[in-house]
Amino acid sequence: MDISPAGAQRQADDTAQIRALIAPWRQACLDRDWDALLALCTQDIVISGPGEPKVTGDAVRSWLEAYPIIVTMEFDFDRVEVSGDLAAANGSGSMLLEVEGQESTAVFDFTDLFRKDDDGTWRYSSVTFNQKDVPA
């Protein structure tokens with residue numbers, strides 16, 4: 001780990017760039033703009049939702065298309081850890097979903113992994129989330 005002033009500044013810049021992905025991710029979900037969402041991801045993105053098998057590759061778009069309509073969505077990173085060209089973040093949030101004409105609230109925790117492209121752009125490489133409000 002580089003603890004020099006330059007290394008600390010790089011770490012702060014990387015963390016800020018990752019945090020800046022929250023707004024476009026949220027907007028893409030609300031707009032159901034899967035092209036915009038997938039543009040924030042690596043080509044080999046893996047999504048693991050609650051009680052579902054993980055999806056990757058071409059299956060991600062189909063999974064997104066089948067996801068309930070997201071009426072509202074709020075989330076934030078509690079922690080972001082950066083190490084070189086890899087990073088991990090975890091946090092919590094909530095969504096108001098429309099499921100078969102009914103609105104339902106989903107409260108969730110998540111862990112996201114990120115990878116920095118050669119051009120310096122951080123992208124989601126793995127999204128794993130669970131619902132906190134579902135009985136065991």
Side-chain angles (χ1 to χ4, degrees):
M1 177 187 277
D2 184 356
I3 56 172
S4 69
Q9 184 59 51
R10 250 189 326 275
Q11 176 103 7
D13 291 347
D14 287 339
T15 298
Q17 288 175 31
I18 290 166
R19 287 186 178 280
L21 293 171
I22 292 171
W25 182 276
R26 180 177 36 238
Q27 195 60 53
C29 289
L30 294 173
D31 294 343
R32 296 183 71 80
D33 184 348
W34 307 135
D35 289 334
L37 186 97
L38 292 171
L40 301 171
C41 302
T42 59
Q43 288 187 350
D44 60 347
I45 180 73
V46 175
I47 297 181
S48 299
E52 298 183 22
K54 67 182 176 185
V55 292
T56 190
D58 294 336
V60 171
R61 183 176 293 276
S62 297
W63 184 86
L64 290 168
E65 290 290 343
Y67 201 79
I69 293 171
I70 302 170
V71 179
T72 63
M73 175 188 235
E74 295 298 327
F75 71 94
D76 201 358
F77 300 129
D78 297 328
R79 183 176 176 173
V80 177
E81 296 281 333
V82 178
S83 180
D85 292 343
L86 300 174
N90 59 28
S92 58
S94 65
M95 296 182 282
L96 180 62
L97 303 172
E98 184 180 305
V99 181
E100 298 178 4
Q102 301 293 314
E103 290 187 343
S104 175
T105 300
V107 179
F108 58 92
D109 289 324
F110 64 88
T111 300
D112 296 335
L113 302 178
F114 301 87
R115 197 166 50 229
K116 190 187 244 185
D117 282 347
D118 291 339
D119 69 358
T121 302
W122 284 99
R123 298 191 190 286
Y124 285 85
S125 63
S126 180
V127 174
T128 301
F129 64 103
N130 63 26
Q131 281 188 243
K132 293 180 1 177
D133 54 349
V134 175

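In this chain, numbering begins with 1 at the start of the sequence shown. Reckoned from all heavy atoms, side chains included, excluding hydrogens, waters and symmetry mates.
Of all non-hydrogen atoms in F114 and L21, the two that sit nearest each other are CE2-CD1, 3.8 Å. The shortest non-hydrogen separation linking T15 to V82 is OG1-CG2, 3.7 Å. In this structure, A20 and P24 approach most closely via the heavy-atom pair O-CD, 3.1 Å. Taking all atoms of both residues into account, the shortest heavy-atom contact from P68 to R32 is O-NH1, 3.3 Å.
Taking CD1 of I70 as the reference point, atom CG of L30 lies at 6.5 Å (rounded to 0.5 Å). Within the model, atoms CD of E74 and CG of L96 stand 11.0 Å from one another, a figure rounded to the nearest 0.5 Å. Taking CG of L97 as the reference point, atom OG1 of T72 lies at 8.0 Å (rounded to 0.5 Å).
Among residues two or more places apart in sequence or in another chain, the side chain to side chain donor-acceptor pair (under 3.5 Å) test is passed with W25 by none. Listed by chain and residue number, D117, T121 satisfy the side chain to side chain contact (heavy atoms under 4.5 Å, CB included) test with D119 (two or more places apart in sequence, or in another chain). Listed by chain and residue number, D76 satisfy the salt bridge (charged side-chain N to carboxylate O under 4.0 Å, His left out) test with R19 (two or more places apart in sequence, or in another chain). Checked against side chain to side chain donor-acceptor pair (under 3.5 Å), D118 has no partners two or more places apart in sequence or in another chain. Checked against side chain to side chain contact (heavy atoms under 4.5 Å, CB included), L113 has the following partners two or more places apart in sequence or in another chain: A88, S125, S126. A search for side chain to side chain donor-acceptor pair (under 3.5 Å) contacts involving S92 returns nothing, not counting sequence neighbours. With sequence neighbours excluded, the residues satisfying ring pair (Phe, Tyr, Trp, His ring centres under 6.0 Å) with W63 are Y67. Annotation: side chain to side chain donor-acceptor pair (under 3.5 Å) contacts of W34 (sequence neighbours excluded): none.
The local environment of CD in Q102 is sparse, with at most 12 non-hydrogen atoms from other residues, nucleotides or ligands closer than 6.0 Å. Around the CG atom of D58, the shell of radius 6.0 Å holds no more than 12 heavy atoms that belong to other residues, nucleotides or ligands.
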Residues 35-47 side chain polar contacts: donor-acceptor under 3.5 Å, at least two apart:
| from | atom 1 | to | atom 2 | distance (Å) |
| --- | --- | --- | --- | --- |
| D35 | OD1 | R61 | NH1 | 3.2 |
| D35 | OD1 | R61 | NH2 | 2.6 |
| T42 | OG1 | D44 | OD1 | 2.8 |
| T42 | OG1 | I45 | N | 3.4 |
| T42 | OG1 | Y124 | O | 3.4 |
| D44 | OD1 | R115 | NH2 | 2.6 |
| D44 | OD2 | R115 | NH2 | 3.3 |

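Residues V71 and V99 are members of separate hydrophobic clusters, defined by side-chain heavy-atom contacts under 4.5 angstrom among Ile, Leu, Val, Met, Phe, Trp and Tyr.
For residues 85-113, the set of pairs meeting the salt bridge (Lys or Arg N to Asp or Glu O under 4.0 Å) definition, not counting sequence neighbours, comprises D109-K132.
The hydrophobic cluster analysis finds L86 isolated: no Ile, Leu, Val, Met, Phe, Trp or Tyr side chain comes under 4.5 Å of it, directly or through other members.
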For a side-chain contact (heavy atoms from CB on, under 4.5 Å) check, start with the C-alpha distance between V127 and F110, then their side-chain angles and the critical distance, and finish with the verdict. CA-CA 7 Å; V127 174; F110 64 88; 5.7 Å; no
